Amino acid sequence: MWDISAGPTLKDDEFESLRNLIRDKCGIYFDDSSRYILEKRLAGRIKELKFNTFKEYIFFLKYDKKKEDEFTFIYDVITTNETYFFREDYQLKAFKEEIIPELIELKKDDKNIRIWSAGCSTGEEPYTIAMIIYEVQDLIKDYRVTIFGSDISQRCLKIAREGIYNANSFRTTSEAIKRKYFDEIEQGKWQVKQNIRELVSFGQLNLLDRTKMSILPTMDIIFCRNVLIYFDMNSRKKVIDNFFEKLIPGGFLLLGHAESLINISTDFTIKHFKNDMVYLKPKV
Ligand SMILES: C[S@@+](CC[C@H](N)C(=O)[O-])C[C@H]1O[C@@H](n2cnc3c(N)ncnc32)[C@H](O)[C@@H]1O
């Protein structure tokens, strides 16, 4: 039964069809326990578009000429965008103290370093990378460093480009770093300083979109942290294969602490640093 005040309910076959559609488009997989979340996040939209049932909405998503625009909306509401500055600090320590020196050596002839934060959400991760880079003066003086932040959610990217954050983003940021790299623009709102923002550029990218991915240049390091945990196994494999192609030989892949390549790929080798272990694309 459909109760107008509560919005449409998601029936078994509709749930199956909707979650498969979403999985095939962007890799995110809603397991049975997340059914209610999906229903709750989309019920309001269905009412807004004046559909009566999820079935009608699914038909629209499959066949309407505006379906791509609707997916842009869907990505904004179904993604989990939790993030903050200096997340997973032991890995960032490995990045600063152990990976960057290797990179300086690896790129000593070319002097161009490209780092990709894939699934950057509202921008805290790529800006963190930029701040760390800034602390390594040799890198800033002698190399051209580009940091690319991409996400599927346009809503997140808008926030990322503005670079304005509140206390929630600063859970693990020291006061010294905050004062050095941010301007307080109003009570409780802090904007990333221009010199850091200049190192980062943002773009919308679905990690399953091979065509768009092929336009990106090769990368020296890819951070893809806390993104693939939401994907089904098959989509994880596709994304990791794409990353392998995009990385230079000797380049690094950094995943979140809850993620690994077990049962996903054997192309990478594991490199153990003092502070963390990361994945390496072998040189030969
Ligand atoms: C939990 S956040 C992680 C943010 C950051 N990497 C971190 O670890 O703090 C996951 C992000 O992945 C993005 N995402 C999910 N599916 C994606 C896809 N198919 N392509 C690109 N980004 C995606 C979401 O929009 C979300 O902002």
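Treat the numbers as computed from the prediction; the structure is a model and nothing was measured. Hydrogens, waters and symmetry mates play no part in the numbers below; they use all other heavy atoms, side chains included. Numbers for residues simply follow the sequence, beginning at 1.
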S.K.: What residue among Val192, Thr146, Ile140 forms side-chain contact (heavy atoms from CB on, under 4.5 Å) with Leu199?
M.R.: Ile140
S.K.: Let me see the working for Leu61 and Ile74 under side-chain contact (heavy atoms from CB on, under 4.5 Å), right down to the final yes or no.
M.R.: CA-CA 10 Å; Leu61 284 176; Ile74 287 192; 3.6 Å; yes
S.K.: Looking at Asp110 and Lys107, does any basic side-chain N land under 4.0 Å from a carboxylate oxygen?
M.R.: yes
S.K.: Would you find more than 12 non-hydrogen atoms of other residues, nucleotides or ligands less than 6.0 Å from Asn263 atom CG?
M.R.: no
S.K.: Check the pair Thr80 / Ile229 against side-chain contact (heavy atoms from CB on, under 4.5 Å), numbers first and verdict last.
M.R.: CA-CA 11 Å; Thr80 302; Ile229 33 168; over 6 Å; no
S.K.: Determine whether Arg23 and Leu208 satisfy the following criterion, side-chain contact (heavy atoms from CB on, under 4.5 Å), listing intermediate values before the conclusion.
M.R.: CA-CA 10 Å; Arg23 179 202 58 201; Leu208 282 193; over 6 Å; no
S.K.: First locate atom CG of Leu10, then atom OG1 of Thr53, and finally report the distance between them rounded to the nearest 0.5 Å.
M.R.: 10.5 Å
S.K.: Could you state whether Val200 and Met219 fall into the same hydrophobic cluster, counting links through intermediate Ile, Leu, Val, Met, Phe, Trp or Tyr residues with side-chain heavy atoms under 4.5 angstrom apart?
M.R.: no
S.K.: Is the backbone of Lys178 close enough, under 3.5 Å, to the side chain of Thr173 for a donor and an acceptor to pair up by distance?
M.R.: no
S.K.: Got Glu39 and Thr9 here, is their nearest side-chain heavy-atom distance under 4.5 Å?
M.R.: yes
S.K.: Test the Lys11-Phe54 pair against the cation-pi criterion, namely NZ or CZ under 6.0 angstrom from the six-membered ring centroid and within 45° of the ring axis.
M.R.: no
S.K.: So do the side chains of Phe15 and Phe30 get within less than 4.5 Å of each other, counting heavy atoms only?
M.R.: yes
S.K.: Is a donor on one side and an acceptor on the other found under 3.5 Å between the side chain of Thr79 and the backbone of Asn81?
M.R.: no
S.K.: Hey, mind stepping through Asp12 and Arg35 against salt bridge (Lys or Arg N to Asp or Glu O under 4.0 Å) and telling me if it holds?
M.R.: CA-CA 9 Å; Asp12 288 353; Arg35 175 173 170 161; 2.8 Å; yes
S.K.: Distance alone, cut at 3.5 Å: any donor-acceptor contact between the side chains of Asp76 and Ser153?
M.R.: yes
S.K.: Heavy atoms only: give me the nearest Gly149-Cys120 pair and the separation to one decimal.
M.R.: C-SG, 3.7 Å
S.K.: Quick check: do Leu247 and Leu280 have side-chain heavy atoms less than 4.5 Å from each other?
M.R.: no
S.K.: Quick check: closest heavy atoms across Pro217 and Lys246, and the distance to 0.1 Å?
M.R.: O-CD, 3.6 Å
S.K.: Any ion pair linking Lys274 and Glu97 (charged N to carboxylate O, less than 4.0 Å)?
M.R.: no
S.K.: For Asn275, does its backbone N or O pair with a side-chain atom of Lys93 as donor and acceptor, under 3.5 Å?
M.R.: no
S.K.: Closer than 3.5 angstrom, by distance alone: can the side chain of Gln91 be matched with the main-chain N or O of Gly256 as a donor-acceptor pair?
M.R.: no
S.K.: Sequence neighbours left out, what passes salt bridge (charged side-chain N to carboxylate O under 4.0 Å, His left out) with Glu68? Give chain and number order.
M.R.: Lys25
S.K.: Examine distances only and state if a side-chain atom of Arg171 and a backbone atom of Asn168 form a donor-acceptor pair shorter than 3.5 Å.
M.R.: yes
S.K.: Mind checking whether Leu92 and Ile222 sit in one hydrophobic cluster, side chains of I, L, V, M, F, W, Y counted as touching below 4.5 Å?
M.R.: no
S.K.: Do the side chain of Glu124 and the main chain of Phe86 share a donor and acceptor less than 3.5 angstrom apart?
M.R.: no
S.K.: For Phe182 together with Phe85, are the ring centres under 6.0 Å from each other?
M.R.: yes
S.K.: Would the number of heavy atoms belonging to other residues, nucleotides or ligands and lying under 6.0 Å from NZ of Lys141 be above 12?
M.R.: yes
S.K.: Return yes when atom NZ of Lys212 has more than 12 non-hydrogen atoms of other residues, nucleotides or ligands closer than 6.0 Å, and no otherwise.
M.R.: yes
S.K.: Just wondering, more than 12 heavy atoms not from Lys111 lying within 6.0 Å of its NZ?
M.R.: yes
S.K.: To check you understand the geometry: which heavy-atom pair defines the closest contact between Leu205 and Ser150, and what is its length?
M.R.: CB-CB, 3.9 Å
S.K.: Above 12 or not: heavy atoms from other molecules or residues under 6.0 Å from CD1 of Ile262?
M.R.: no
S.K.: Take Ile99 and Leu254 through the test side-chain contact (heavy atoms from CB on, under 4.5 Å) and record every step on the way to the result.
M.R.: CA-CA 11 Å; Ile99 297 176; Leu254 278 65; 4.1 Å; yes
S.K.: Write down the atom of Ile46, the atom of Pro8, and the distance for their closest heavy-atom approach.
M.R.: CG2-CG, 3.6 Å
S.K.: Does Phe244 reach the side chain of Lys281, with side-chain heavy atoms less than 4.5 Å apart?
M.R.: yes
S.K.: Is a side-chain N or O of Asp209 found less than 3.5 angstrom from the main chain of Thr211, in a donor-acceptor match?
M.R.: yes
S.K.: Hey, are the side chains of Ile185 and Trp190 touching, using non-hydrogen atoms and a 4.5 Å cut-off?
M.R.: no
S.K.: Strictly distance-based, threshold 3.5 Å: is any side-chain N or O of Lys283 a donor or acceptor partner for the main-chain N or O of Gly250?
M.R.: no
S.K.: When you compare the side chains of Ser34 and Asp31, does any donor N or O come within less than 3.5 Å of an acceptor on the partner?
M.R.: yes
S.K.: A quick test of your reading: do over 12 heavy atoms of other residues, nucleotides or ligands sit less than 6.0 Å from OH of Tyr90?
M.R.: yes
S.K.: What are the two closest non-hydrogen atoms of Val227 and Ala118, and how far apart are they?
M.R.: CG2-O, 3.6 Å
S.K.: Closer than 3.5 angstrom, by distance alone: can the side chain of Arg225 be matched with the main-chain N or O of Glu125 as a donor-acceptor pair?
M.R.: no
S.K.: Salt bridge (Lys or Arg N to Asp or Glu O under 4.0 Å) for Lys271 and Glu98? Distances and angles first, verdict last.
M.R.: CA-CA 11 Å; Lys271 174 119 189 182; Glu98 298 171 281; over 6 Å; no
S.K.: Tell me if the aromatic rings of Tyr127 and Tyr134 count as close, with their centers under 6.0 Å from one another.
M.R.: no
S.K.: Do Ile28 and Ile152 make a side-chain contact, defined as non-hydrogen atoms from C-beta onward lying under 4.5 Å apart?
M.R.: no
S.K.: With side chains defined as the heavy atoms from C-beta onward, is the minimum distance between Ile240 and Leu253 less than 4.5 Å?
M.R.: yes
S.K.: Can you find a pair of side-chain heavy atoms, one from Phe59 and one from Glu56, that are under 4.5 Å apart?
M.R.: no
S.K.: Check for a donor-acceptor pair, side chain of Ser117 on one end and backbone N or O of Phe223 on the other, with a separation under 3.5 Å.
M.R.: no
S.K.: Is the count of non-hydrogen atoms from other residues, nucleotides or ligands lying under 6.0 Å from Lys193 atom NZ greater than 12?
M.R.: yes
S.K.: Using the test ring pair (Phe, Tyr, Trp, His ring centres under 6.0 Å), find all partners of Phe73 that sit at least two apart in sequence or belong to another chain.
M.R.: none
S.K.: Kindly say whether the aromatic ring centers of Phe268 and Phe243 come within a distance under 6.0 Å.
M.R.: no
S.K.: How would you list, by chain and number, every residue that makes a ring pair (Phe, Tyr, Trp, His ring centres under 6.0 Å) with Tyr29, sequence neighbours excluded?
M.R.: none
S.K.: Between Ile113 and Asp220, which heavy-atom pair has the shortest distance, and what is it?
M.R.: CA-OD2, 3.2 Å
S.K.: Going hydrophobic residue to hydrophobic residue with side-chain gaps under 4.5 angstrom, can you get from Phe273 over to Val136?
M.R.: yes
S.K.: Would Glu70 and Tyr57 count as a side chain to side chain donor-acceptor pair (under 3.5 Å) here? Give the steps.
M.R.: CA-CA 10 Å; Glu70 188 55 22; Tyr57 186 57; 2.6 Å; yes
S.K.: For the NZ atom on Lys189, are there more than 12 heavy atoms of other groups (residues, nucleotides or ligands in this structure) within a distance under 6.0 Å?
M.R.: no
S.K.: Using the rule that Ile, Leu, Val, Met, Phe, Trp and Tyr join whenever any side-chain heavy atoms are under 4.5 Å apart, tell me whether Ile147 and Met213 fall into a single cluster.
M.R.: no
S.K.: Answer yes if Phe51 and Phe71 sit in the same cluster of Ile, Leu, Val, Met, Phe, Trp and Tyr residues linked by side chain heavy atoms under 4.5 Å apart, and no otherwise.
M.R.: yes
